[in-house]
Amino acid sequence: MEHTPAPYAPRAVYGYAMYIGSNLFFILYLIWSIVPDYILKDYLGLSYYPSKYWAIAIPVWALTALATFAFIIYPAMNLLMTPDIDDIRTITDNYAQSRKETTPGGVPPVFDIPITEVCRQLYLSEDIKVNYS
């Protein structure tokens with residue numbers, strides 16, 4: 001079967017089951033975390049359940065893990081995968097368009113600007129800049 005994001009019958013059934021299951025789990029979580037212990041024991045007959053401490057601890061730990069991943073681990077992974085400024089992959093690739101000569105007064109062709117020129121234009125002071133156009 002082809003992998004496609006378009007809806008089809010099994011995906012709709014699984015999606016609906018996950019929707020119902022997650023809502024049911026959330027309602028049970030709210031009941032467990034909000035309802036006092038004596039009501040859970042006397043009226044519902046539940047004698048063994050986790051401590052109410054976990055009702056707060058698990059979401060806080062999950063959000064801390066998410067924040068750690070989002071603000072530290074994910075950017076660090078991106079920085080590790082980015083090539084250095086002097087790496088050949090930063091300078092050029094197989095699809096780079098080199099600069100070509102044009103007729104005077106004509107429209108200049110599209111070409112890739114060398115990384116050295118970009119750095120000169122962005123980071124050097126005005127008296128050092130050289131115009132390459």
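These numbers come from the heavy atoms of this one structure, side chains and all, not from hydrogens, waters or symmetry mates. Given the structure is predicted, the values throughout are model-derived calculations rather than measurements.
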Aromatic plane relationship, W61 with W54 - under 30° parallel, 30 to 60° tilted, over 60° perpendicular: perpendicular
Please report the interatomic distance [atom1]([X]) to [atom2]([Y]), rounded to the nearest 0.5 Å.
{"X": "L124", "Y": "E117", "atom1": "CG", "atom2": "CD", "answer": "11.5 Å"}
{"X": "D37", "Y": "S51", "atom1": "CG", "atom2": "OG", "answer": "8.0 Å"}
{"X": "Y53", "Y": "I56", "atom1": "OH", "atom2": "CD1", "answer": "10.5 Å"}
{"X": "Y43", "Y": "L40", "atom1": "OH", "atom2": "CG", "answer": "12.0 Å"}
{"X": "L46", "Y": "I39", "atom1": "CG", "atom2": "CD1", "answer": "12.0 Å"}
{"X": "K41", "Y": "Y49", "atom1": "NZ", "atom2": "OH", "answer": "7.5 Å"}

Joint cluster assignment, L44 & I34, ILVMFWY side-chain distance < 4.5 Å: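 L44 clusters together with I34.
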Closest approach of I113 to V118 (non-hydrogen atoms, all atoms of both residues):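 Taking every non-hydrogen atom into account, CG2-CG2, 3.6 Å.
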For the student: nearest non-hydrogen atoms of V110 and Q97, plus distance: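 It is O-CB, 4.0 Å.
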Using distance only, find each side-chain donor-acceptor pair of residues 24-33 under 3.5 Å and give its atom names and separation, not counting sequence neighbours.
| from | atom 1 | to | atom 2 | distance (Å) |
| --- | --- | --- | --- | --- |
| Y29 | OH | A55 | O | 2.5 |
| W32 | NE1 | P50 | O | 3.1 |
| S33 | OG | Y29 | O | 3.0 |
| S33 | OG | L30 | O | 3.2 |

